[in-house]
Structure formats: structure tokens, C-alpha cells
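One structure is given here, and the rest of the page talks about it.
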Protein chains: 2
Amino acid sequence: MANKTPLSKYQIIVNAIKKDIGDGILRPGDPLPSENYMSQSYGISRMTVRKALAVLINETYIHSVQGKGHFVSKPDFTHFDINFKTHDDQDFEHKLLSVDIIDMSDDLRIRMQNFTQKKIIEVKQRIFNNGEIVGYDITYLHYNPKEPVLEKEFHYINIDENAATGEKIKKHVTLAVLSSDEHISSILEVEIGFPIIQIEATARNEVSQIIRYGKSYFKGNAFKIRGQ
Amino acid sequence: MANKTPLSKYQIIVNAIKKDIGDGILRPGDPLPSENYMSQSYGISRMTVRKALAVLINETYIHSVQGKGHFVSKPDFTHFDINFKTHDDQDFEHKLLSVDIIDMSDDLRIRMQNFTQKKIIEVKQRIFNNGEIVGYDITYLHYNPKEPVLEKEFHYINIDENAATGEKIKKHVTLAVLSSDEHISSILEVEIGFPIIQIEATARNEVSQIIRYGKSYFKGNAFKIRGQ
DNA sequence: CAGTGGTCTAGACCACGTG
DNA sequence: ACGTGGTCTAGACCACTGA
């Protein structure tokens with residue numbers, strides 16, 4: 001019944017504040033006691049209080065404003081932490097179908113808002129779970145003959161490329177629902193009309209140039225989603 | 001061109017490690033130098049190194065294993081951080097339609113796996129953006145006459161109720177696609193057959209009892225999704 | 001100005017993993 | 001026994017807010 005390991009000091013603070021929020025003692029917008037106050041009232045160091053607050057910020061219970069304090073956040077009904085995982089909680093396997101350097105089509109030029117580049121890298125992958133195909137992905141990458149972009153891409157795809165200068169890649173994902181057409185049906189091995197979830201992903205650099213554009217097609221029944 | 005505020009020491013470490021991961025110098029599974037090593041090699045305190053690592057852990061670039069070290073994580077293609085927001089990046093507004101204490105239907109008994117409770121709280125909300133209705137939500141909550149559950153629920157809905165004891169609520173969200181039927185069409189003001197995204201959310205307590213069950217219906221075209 | 005959070009230090013002790 | 005990460009301290013200085 002009792003916990004085997006006693007809770008750490010910061011975890012006790014975390015739980016106490018969560019309870020106050022849950023009980024409505026602290027309500028959205030309310031300020032928390034200051035770090036120094038909590039440090040003294042709990043009899044612990046300020047750094048330990050900050051560790052507790054960091055956990056709560058990370059879990060979006062609160063947020064901080066420099067010079068003002070920490071405040072209880074509004075519960076966010078619009079946010080979900082989603083895992084595209086299968087029922088048995090296994091990861092998907094990605095199998096490369098092809099990597100090509102192709103001429104940009106007019107459609108791609110428009111989608112990637114790039115009218116100067118002539119060639120682009122196209123990566124096609126099939127996505128499997130437990131031997132069964134569950135998805136199909138096409139990704140287009142900016143082609144720069146000087147850089148081993150593909151290498152980089154396969155090393156670590158979710159990277160802020162300009163991290164060294166502190167610049168951020170802005171990613172955008174759109175989810176849509178459609179019925180499988182002949183092409184998708186043949187790849188995913190489903191009948192035409194099967195519900196498909198299409199995920200369209202765009203990555204932009206600091207100056208809003210699209211440096212990556214991809215589309216994934218998943219079987220509508222192929223995944224499980226876990227919410228925060 | 002230059003940054004106005006110089007980067008903090010921990011941010012420099014964060015960027016350096018991100019760059020090494022991006023360049024493939026550090027690859028998934030690789031260990032990072034130990035905290036003490038980085039502390040010495042960068043000439044900063046261990047706590048500052050830990051702050052940098054905490055940021056990288058938070059952004060899922062790395063993970064730690066006590067007694068062993070920090071390791072570069074595999075890029076996770078199955079994870080998305082989703083915001084159900086509108087194109088203008090505004091939040092949705094939730095407008096309460098009704099709150100009732102109702103008799104459990106057989107269907108609900110099965111969905112909530114509760115065959116002892118007779119009554120349950122039903123909360124219906126419509127979800128608006130910019131004056132336009134974009135969604136509809138029905139949530140069922142465990143009814144306990146002794147507790148002001150509703151109050152609590154409206155204070156803060158994303159709460160770990162048993163936080164004080166360290167117990168966790170397990171939440172589960174399922175996303176499905178369907179065509180609008182007559183009922184949904186009348187509420188969301190769309191024609192029958194309109195693409196609808198249905199989100200089904202279940203919350204379980206420590207002993208896997210379902211304490212909350214809800215369904216939301218969103219217009220398929222009503223949202224934008226941001227991926228991590 | 002005083003009060004707040006943000007960064008950083010130089011230690012300490014503990015828990016865990018491996019040889 | 002030793003190296004790793006996890007927790008914690010008691011200070012320090014800075015940046016920002018608001019009266």
C-alpha cells in the first residue's frame with residue numbers, strides 16, 4: 001500500500017500544488033506563492049522549489065512570467081499528445097522503398113513554394129507493424145549537392161538544423177481524412193474506399209522557406225492514440 | 001543579424017549537442033559524455049550541464065538511465081504534439097449546453113465498464129471558434145453525491161486526481177473518422193455525410209476503473225494540427 | 001526601489017549499474 | 001569500488017516587473 005521509495009522533496013511540492021489545483025484552491029490565472037516564500041515555508045532550498053515548478057511547467061499545469069511570478073494555467077482542451085502506435089504498443093518499422101533525386105513538378109513547386117530549385121530529393125517509405133503494412137510515406141527534401149542531406153536525414157529526422165545559431169525550424173502537420181484511391185489501395189493492400197488518414201508535414205526554416213514536405217497515408221484502423 | 005541576448009551557458013550546450021545529433025556525430029543509442037566530463041570540458045558546473053540535459057530530455061532528443069548515462073534517442077516518427085487550433089491560432093471557446101445527472105444506459109455501462117453505478121453525470125458542450133461552431137463534446141463523469149465533482153471538473157479538467165499519493169490517472173484517446181449523421185449534422189450545422197473527426201477519451205484510475213468517458217465530434221475541416 | 005523569476009556555482013550525499 | 005545519474009543545499013548575480 002505504502003510507496004516503497006519515499007517521495008522526493010520536489011515531488012511532494014509537485015503533488016501538493018497539483019492537489020490544490022485539482023481541489024480548486026488554486027484556479028487558472030491565480031499566482032503561486034513566490035519561490036522564496038515556498039522555499040522558506042517548506043523549509044527547502046529555492047533550487048528544489050524550482051525543480052518542482054519545472055515539473056509543473058513541463059506538464060502544463062502552470063507557467064512563469066519573469067519578474068511577476070508563476071501562475072496556474074488554463075486547462076487546454078485543444079492539446080493532445082499523440083502516439084501513432086499499434087495496439088500491442090510496438091513501434092512501427094519504416095522500410096525504404098526508394099530514394100531519388102527528381103525534377104520538381106509544378107504541383108511540388110507550389111506546395112513547397114520553391115520556384116528556383118530544379119531538383120529535389122524524394123524518399124518513399126512503407127510503414128509496417130508486426131509484418132503488416134499500415135502506412136506509406138513520401139517525403140521531399142531540399143536538394144543541395146554540397147551537403148549529404150540524406151545521411152543527415154536518416155541519422156536524425158526531427159532535428160533543428162540551425163540549432164547552433166539558436167534558430168528554429170517551424171514544423172507544421174495537417175491531418176486529413178480521405179478514402180483510399182487506386183494508388184494508395186495498391187500500396188496499403190486495402191480495397192478502394194478504405195478510410196485513410198493522411199498526414200501532411202511541412203518544415204520551414206527561419207525565413208519561412210519550406211525545407212521539407214511530406215505526406216503519410218495510414219490505414220484508418222491502424223493506430224491507437226494516447227492523449228495527455 | 002546577431003542575437004541581442006547572448007545565449008546562456010546551458011543553451012550553448014543544448015545547441016552544441018543538437019548540432020552533433022543533427023550532423024550524425026551523435027547517433028541514436030550513442031552515449032553522451034558524462035555530466036562530470038562535460039562539466040569539466042565546458043568549464044561549467046554540473047548543475048548547468050544538467051539543466052542543458054533536462055532541456056534535451058524534454059524535447060526528446062535524449063534520455064537518461066540512472067547509473068549508466070545519457071543516450072541519444074531514436075527519432076520518433078509516431079509521436080505528434082497536436083494542437084486543435086484554428087487557422088488564426090485562436091483557442092476554441094467551450095459553451096456549456098447542459099449538465100445532467102442521468103441514468104446509465106446499457107451502452108454506457110459497457111463503455112465505462114461500470115455495472116454497479118446507477119447514475120452518471122453527463123456534460124454536453126459545443127465548441128466554437130470565432131463564432132462558428134466547430135465541435136461538439138459529450139463527457140460522462142463518475143457521479144458521487146458526496147463530492148462536488150462538477151466544481152472540480154470545471155476548475156481543472158486535466159488533473160491527476162490522486163496526485164497527493166503519487167497515483168496516476170491513465171488517459172486514453174482514440175481518434176476516428178466518420179461521416180456526419182443526422183444528429184451530429186444538426187448540432188454542427190453541416191450537411192449529412194460531412195467528414196467528422198471523432199475523439200473518444202477515457203480516463204482510468206490506478207485500478208483501471210473508468211472514471212471519465214467522453215466523445216468529441218469536430219468538423220473535419222475545422223482544425224489545424226501542429227506536429228513536433 | 002523591492003520583489004519576482006532566470007542563471008550559475010561548488011560543493012554534498014544517495015541510488016543505481018557494472019565489473 | 002567506482003562511475004554514472006538523481007536530489008539537494010546555500011549562497012550569488014542578473015533581468016524583468018511594478019509601485
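In what follows, chains carry the letters A, B, and so on, assigned in the order in which the sequence lines appear, proteins first and then strands, with residues in each chain numbered from 1.
With hydrogens and angles disregarded, a donor-acceptor distance shorter than 3.5 Å links the side chain of Ser41(B) to the backbone of Tyr37(B). Looking only at distances, no side-chain donor or acceptor of Thr139(B) sits under 3.5 Å from a matching main-chain atom of Val123(B).
Atom NZ in Lys9(A) sits about 14 Å away from atom C1' in dG6(D), given to the nearest Å. Protein atom CD of Gln40(B) is 12 Å distant from nucleotide atom P of dG3(D), rounded to whole Å. Rounding to whole angstrom units, OH of residue Tyr37(A) and C1' of dG5(C) are separated by 18 Å. In this structure, Asn36(A) atom CG and dG5(C) atom P are separated by 7 Å, rounded to whole Å. In this structure, the CZ atom of Arg50(A) is 15 Å from the P atom of dT9(C), given to the nearest Å. Taking atom CD1 on Ile12(B) and atom C1' on dC8(C), their separation rounds to 13 Å, with Å as the unit. Atom-to-atom, CE of Met38(A) to C1' of dG3(C) comes out at 14 Å; the value is rounded to the nearest Å. Atom CZ of Phe71(B) is separated from atom P of dC16(C) by 17 Å (rounded to the nearest Å).
In this model, the phosphate group of dG6(D) is approached by a side-chain N or O of Ser64(B) to a distance below 4.0 Å at OP1 or OP2. The phosphate of dT9(C) has OP1 or OP2 within less than 4.0 Å of a side-chain N or O from Ser45(B). For the OP1/OP2 pair of dT18(C) and a distance below 4.0 Å, the side-chain nitrogens and oxygens of Lys68(B) include at least one atom meeting the criterion. A close approach under 4.0 Å does not occur between any side-chain nitrogen or oxygen of Ser8(B) and OP1 or OP2 of dG6(C). At dG6(C), none of the side-chain N or O atoms of Lys51(B) fall inside 4.0 Å of OP1 or OP2 (strictly under the cut-off). Of the side-chain N and O atoms in Tyr10(A), one or more sit less than 4.0 angstrom from OP1 or OP2 of dT7(D).
With distances taken from any side-chain atom of Arg46(B) to the nucleotides dC8(D), dA15(C), dA12(C), the minimum falls on dA12(C). Listed candidates were dG6(C), dG6(D), dC8(D). Nearest to the side chain of Glu35(B) is dG6(D). Here the nucleotide nearest the side chain of His70(A), chosen from dG6(C), dT9(C), dG5(D), is dG6(C). In the set dC8(D), dT4(D), dC16(C), dT4(D) carries the atom at the smallest distance from any side-chain atom of Ser34(B).
Of the two residues near DNA chain D, Val65(A) and Ile44(A), the one whose nearest nucleotide lies more 5' is Ile44(A). DNA chain C is contacted by both Met47(A) and Gly67(A); Gly67(A) maps to the nucleotide lying nearer its 5′ end (nearest heavy atom per residue).
Each of Leu56(B), Leu26(B), Ile13(B), Val55(B) was evaluated against Lys18(B); a single residue qualifies, Leu56(B), per the side-chain contact (heavy atoms from CB on, under 4.5 Å) test.
Residues Ile12(B) and Tyr10(B) form no side-chain contact, since every pair of their non-hydrogen atoms from C-beta on lies 4.5 Å or further apart. With contacts defined as side-chain heavy-atom distances shorter than 4.5 Å, the pair Ile62(A)/Leu53(A) qualifies. Gln125(A) is not listed as a side-chain neighbour of Lys95(A), based on a closest heavy-atom distance of 4.5 Å or more.
Using a 4.0 Å heavy-atom cutoff across all strands shown, Leu53(B) reaches no nucleic acid atom at all.
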